[in-house]
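This one's a predicted model, so the numbers in the text were calculated from it and none came from an experiment. All values below were derived from every heavy atom in this structure, side-chain atoms included, with hydrogens, water molecules and symmetry-related copies excluded.
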Amino acid sequence: MAAETAAAVAGMAQAAEARARLKVAVATTEAASAPANASAPSVSQVSVQQFVEAAKAAATVEELKAVLATESCAWSEGERAEALRRCVQYVGGLAKPDESTLLAWPVVSVNEWGMHQERVLVITSLSLYRVAYKPSRASVSHYARTPLAAIRKCERGAAAFKVVSTELDGRQNPIAYLFTEYLSKAPAIRRYERLYLPSAPSEGVGAVDRSLTVLSHALLNASRLLGAATHGGGGGEGGLGDGGGGLPMELVEDKRAESTMLDEVAGSLLRATSAVSSRVADTARGTARTLSSTRG
């Protein structure tokens, strides 16, 4: 009993220390990034490692939101700032009463045909929204939503990251669908992937790396908090309506420059296409042989 009590006390002390580091990191960022005048945008001055530790230490949705706000402030001006604001406003109208918006970030989304499309990712305490915003109309044209509970993995590379989920968040490549459903053994658990290339608020060294870190760890920790609320039996931000199976998601980081997810996507599409073509050709040859033997 004494050992269990000591372990519990140690755990509480570690949690308190983590929250203290979070407060210091956020306070340092706010002080260092204070604008010289009211119109100047503020930019986070904490290191990437400090950000990662602060996000990990966040014990509530509000604490995580405060950490992410030190990064999203980099988009406080310009056309993209307006797009982000409108997308957040739009998602706010879709959100559940207990759903809190955490982060909005401009990205390039690679669709089921490998086409690059400008989108805005909005991460909430319950979901990941991919929003299509039309600057010419100053409005949202459409969106796709993936519950955090359905996201199993985030694979982060040198210039892009891939979200792997058990729910389809848009259209599926019909060739890949035919290959999975009819020409190969369909997996017991569906796996859907979407590739994103994040925009960077500046062109400085490490800007893309930082954007990747912010997005991947925003997803990771939002999933962590949702999982804790769901499995811990708590209320509030838990999002129990979407279930909690598989939470939290797994984050896989591979920053090797030679690792390119775009080549992986292109390769998978090529393999699927080749497999379909080969199977169709085999079927045609079999049919021809059957007809030939029948006539003979």
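The residue from Leu128, Leu121, Leu251 that alone fulfils the side chain to side chain contact (heavy atoms under 4.5 Å, CB included) condition with Leu219 is Leu128.
Distance alone, capped at 3.5 Å, places no donor-acceptor pair between the Ser127 side chain and the Thr124 backbone. At distances below 3.5 Å, not a single donor-acceptor pair connects side-chain atoms of Arg119 with backbone N or O atoms of Tyr196. Under the 3.5 Å distance criterion, the side-chain polar atoms of Ser211 are matched with a main-chain donor or acceptor of Ala207. Judged by distance alone, the side chain of Ser141 and the main-chain N or O of Lys134 form no donor-acceptor pair under 3.5 Å. Remark: side-chain polar atoms of Thr101 are not paired, donor with acceptor, to backbone N or O of Val88 under 3.5 angstrom. No donor-acceptor pair under 3.5 Å is formed between the side chain of Trp105 and the backbone N or O of Ser72. Put simply, the side chain of Arg80 never gets that close to the backbone of Glu77: no donor and acceptor are under 3.5 Å apart.
To the nearest 0.5 angstrom, Leu68 atom CG is 12.0 Å from Glu63 atom CD. In this structure, Arg130 CZ and Ser109 OG are separated by 4.5 Å, a value rounded to the nearest 0.5 Å. Atom CG of Leu212 sits about 10.0 Å away from atom NE2 of His217, to the nearest 0.5 Å. Put simply, OG1 on Thr70 and NZ on Lys65 are 13.5 Å apart, with the number rounded to the nearest 0.5 Å.
The minimum heavy-atom distance linking Ala95 with Glu99 is given by the pair CA-OE1, 3.2 Å. Counting all heavy atoms, side chain and backbone alike, Phe51 lies closest to Val214 at CE2-CA, 3.6 Å. Closest heavy-atom contact between Ile151 and Met249: O-CB, 3.4 Å. Counting all heavy atoms, side chain and backbone alike, Ala58 lies closest to Leu64 at CB-N, 3.5 Å. Heavy atoms only, all atoms of each residue included: Ala222 and Ile123 are closest at CB-CG2, 4.3 Å. Residue Ser47 comes nearest to Gln50 through the heavy atom pair N-OE1, 2.9 Å, listed as atom of the first residue, atom of the second, then distance.
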Exercise for review: Go through the steps for Ser199 and Glu118 under the test side chain to side chain contact (heavy atoms under 4.5 Å, CB included), then give the verdict.
Suggested key: CA-CA 10 Å; Ser199 300; Glu118 290 191 7; over 6 Å; no
**Study point:** Residues Val140, Val120; criterion side chain to side chain contact (heavy atoms under 4.5 Å, CB included); working and verdict
**Key:** CA-CA 10 Å; Val140 170; Val120 172; over 6 Å; no
Check your understanding: Are Glu53 and Lys56 close enough, and set up right, to give a salt bridge (Lys or Arg N to Asp or Glu O under 4.0 Å), and what steps lead you there?
Key -> CA-CA 5 Å; Glu53 291 179 358; Lys56 183 178 180 180; over 6 Å; no
**Study point:** Derivation and outcome, side chain to side chain contact (heavy atoms under 4.5 Å, CB included), residues Thr213 and Arg156
**Key:** CA-CA 8 Å; Thr213 299; Arg156 179 255 164 99; 3.1 Å; yes
**Study point:** Intermediate values then yes/no, side chain to side chain contact (heavy atoms under 4.5 Å, CB included), Leu225 and Asn221
**Key:** CA-CA 6 Å; Leu225 292 174; Asn221 288 287; 5.5 Å; no
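A salt bridge links Glu82 with Arg85: the distance from a Lys NZ or Arg NE/NH1/NH2 to an Asp or Glu carboxylate oxygen falls below 4.0 Å.
In this structure, Glu155 and Leu195 have side chains that are not in contact, with every pair of non-hydrogen atoms separated by 4.5 Å or more. Tyr192 has its side chain out of reach of Thr146: every pair of non-hydrogen atoms, C-beta onward, lies at least 4.5 Å apart. By the 4.5 Å heavy-atom criterion applied to side chains, Arg194 and Val110 are not counted as neighbours. At a threshold of 4.5 Å between non-hydrogen side-chain atoms, the residues Leu215 and Val107 count as touching. Side-chain contact between Tyr90 and Val122 is absent, with no heavy atoms from C-beta onward closer than 4.5 Å.
Tracing side-chain contacts under 4.5 Å through hydrophobic residues (I, L, V, M, F, W, Y), one never reaches Leu168 starting from Val164; they form parts of separate clusters.
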